[in-house]
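Here's the structure, in structure tokens; my notes come after.
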Amino acid sequence: MPSNAENSLDFMELRDIASYVAEQVGEYILQESRNSVLLETKSSSSDFVTNVDKRAEALIVNLINNHRPDDSFLGEEGTSQEGNSGVLWVIDPIDGTTNFIHKHPGFGVSIAAKVNGDTVAGAVADPSHGEIFDAAIGHGARRNGKEITLTRSAKLETALVATGFSYKNTKRALQAKVLLKILPCIADIRRMGSAAIDLCSVATGRVDAFFETGLNEWDIAAGTLIASEAGARLSTFTDFDGETLTVAVNPSIEAQFIELLHAAAEGIA
Ligand code: IPD
Ligand code: CA
Ligand code: CA
């Protein structure tokens with residue numbers, strides 16, 4: 001049953017704001033990727049943040065504030081702002097910072113609107129490829145304004161699977177062990193470098209599944225809505241290490257893929 005806050009909200013309007021802002025800020029980070037950037041590390045020697053991540057986050061908050069001054073914000077680079085409208089914007093200003101600093105395509109902007117803990121609208125921009133994905137709950141997912149629906153069915157042995165690795169080296173060693181058991185059962189693995197864009201790739205059928213453990217809300221809030229509105233199946237499990245494993249998969253291989261993940265994680269930690 002929708003709450004009062006949800007009743008008075010237009011989720012498609014929230015989606016359109018997310019999409020507009022993701023596109024604008026996507027263009028900005030693409031321009032900046034051609035310049036030199038100031039680097040700092042965060043949780044490990046491979047976890048970077050740049051001056052552009054911080055500026056992009058401020059830009060997103062400003063642009064959304066122009067439309068909706070009473071909303072709340074949570075951003076990866078430290079934004080935490082309390083509003084009173086019932087809408088919380090969850091922001092990853094650059095998802096795929098490692099790609100961004102290497103001038104490698106595959107970095108994007110992820111913006112999601114949450115109400116009562118549920119993501120109701122969101123957008124992911126992939127500016128190097130000229131793509132904007134968006135969705136509003138109950139209203140489907142789109143790529144560059146055109147509806148996307150997952151129609152292709154998959155088989156486990158020919159499945160292309162995306163994943164990502166932690167910034168913590170000890171965790172990476174365990175993730176590599178899990179991968180050793182998965183690889184012989186599928187067609188191949190892709191590590192593209194942006195969880196948000198990986199989830200959009202599940203939505204379009206470019207990959208048949210995505211799994212990654214230890215992701216943050218800002219990495220996945222928009223992408224999981226886009227994938228599920230396109231027809232993918234989303235689930236979360238506790239992994240071998242006690243962290244949350246996020247899975248998005250083509251419905252035709254859901255049961256087999258989840259069984260494979262469980263079998264691969266057995267006895268790992
Ligand atoms: C990272 C990317 C990457 C994933 C990492 C994330 P960041 O986000 O989504 O693909 O493997 O787990 O932390 O640090 O580039 O915003
Ligand atoms: Ca991220
Ligand atoms: Ca980021």
Side-chain angles (χ1 to χ4, degrees), residues 21-22 25-26 28-30 32-33 37-61 73-80 89-112 119 122-129 133 161-176 178-179 182 189-203 206-207 209-227 236 239 241 243-248:
V21 174
V25 178
Y28 167 70
I29 64 172
L30 182 63
E32 291 295 329
S33 71
V37 293
L38 288 174
L39 287 183
E40 280 168 47
T41 51
K42 295 200 280 189
S43 63
S44 80
S45 58
S46 56
D47 184 6
F48 289 105
V49 62
T50 73
N51 54 331
V52 183
D53 293 70
K54 293 176 188 167
R55 278 203 235 124
E57 184 160 303
L59 194 55
I60 292 167
V61 173
F73 292 88
L74 173 71
E76 176 175 16
E77 305 314 336
T79 302
S80 174
W89 293 92
V90 179
I91 300 160
D92 193 340
I94 304 183
D95 189 53
T97 294
T98 308
N99 284 340
F100 175 78
I101 60 183
H102 285 84
K103 305 186 191 310
H104 187 289
F107 50 84
V109 178
S110 175
I111 301 174
T119 303
V124 173
D126 178 354
S128 325
H129 297 110
F133 300 92
V161 176
T163 191
F165 305 114
S166 168
Y167 287 124
K168 294 176 235 156
N169 285 342
T170 45
K171 183 87 182 190
R172 284 179 175 200
L174 299 176
Q175 288 175 314
V178 171
L179 213 50
I182 291 174
I189 282 283
R190 292 290 178 269
R191 197 296 186 239
M192 263 94 62
S194 160
I197 300 173
D198 287 343
L199 286 160
C200 297
S201 294
V202 177
R206 290 172 186 165
V207 296
F210 165 74
F211 72 100
E212 183 167 345
T213 134
L215 290 165
N216 291 297
E217 204 180 346
W218 42 75
D219 300 312
I220 56 170
T224 48
L225 179 68
I226 292 163
T236 53
D239 79 355
D241 226 5
E243 284 192 294
T244 302
L245 171 72
T246 302
V247 182

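One-based numbering, in listed order, for ligands and for the atoms of each. This is a predicted model, so every value here is computed, not measured. Only heavy atoms go into these numbers, but all of them, side chains included; no hydrogens, no water, no symmetry mates.
Panel detail: the Ca ion (ligand 3) has protein N, O or S atoms under 3.0 Å away, 3 in number.
For Thr98, the side-chain contact (heavy atoms from CB on, under 4.5 Å) partners are His102, Tyr167, not counting sequence neighbours. Applying the salt bridge (Lys or Arg N to Asp or Glu O under 4.0 Å) test to Arg55 and every residue at least two apart in sequence or in another chain returns nothing.
Shown here for Thr119 and Leu225, the closest heavy-atom pair between the two residues is O-CD1, 3.9 Å.
Using a 30° and 60° split on the angle between ring planes, Phe100 and Phe107 fall in the perpendicular class, above 60°.
With hydrogens and angles ignored, the 3.5 Å screen pairs a side-chain donor or acceptor of Glu57 with a backbone N or O of Glu77. Using modelled atom types, no side-chain atom of Asp92 and backbone atom of Ala221 make a donor-acceptor pair closer than 3.5 Å.
Between Lys171 and Asp239 there is a salt bridge, since a side-chain N of the basic residue sits under 4.0 Å from a carboxylate O of the acidic one.
Side-chain contact between Glu212 and Asp219: absent, with no pair of heavy atoms (C-beta onward) separated by less than 4.5 Å. Between Ile111 and Ile60 the shortest side-chain heavy-atom distance falls below 4.5 Å.
Ligand 1 is surrounded by Glu76, Asp92, Ile94, Asp95, Gly96, Thr97, Gly164, Phe165, Tyr167, Arg191, Gly193, Ser194, Ala195, Glu212, Leu215, Asp219, each with at least one heavy atom closer than 4.0 Å.
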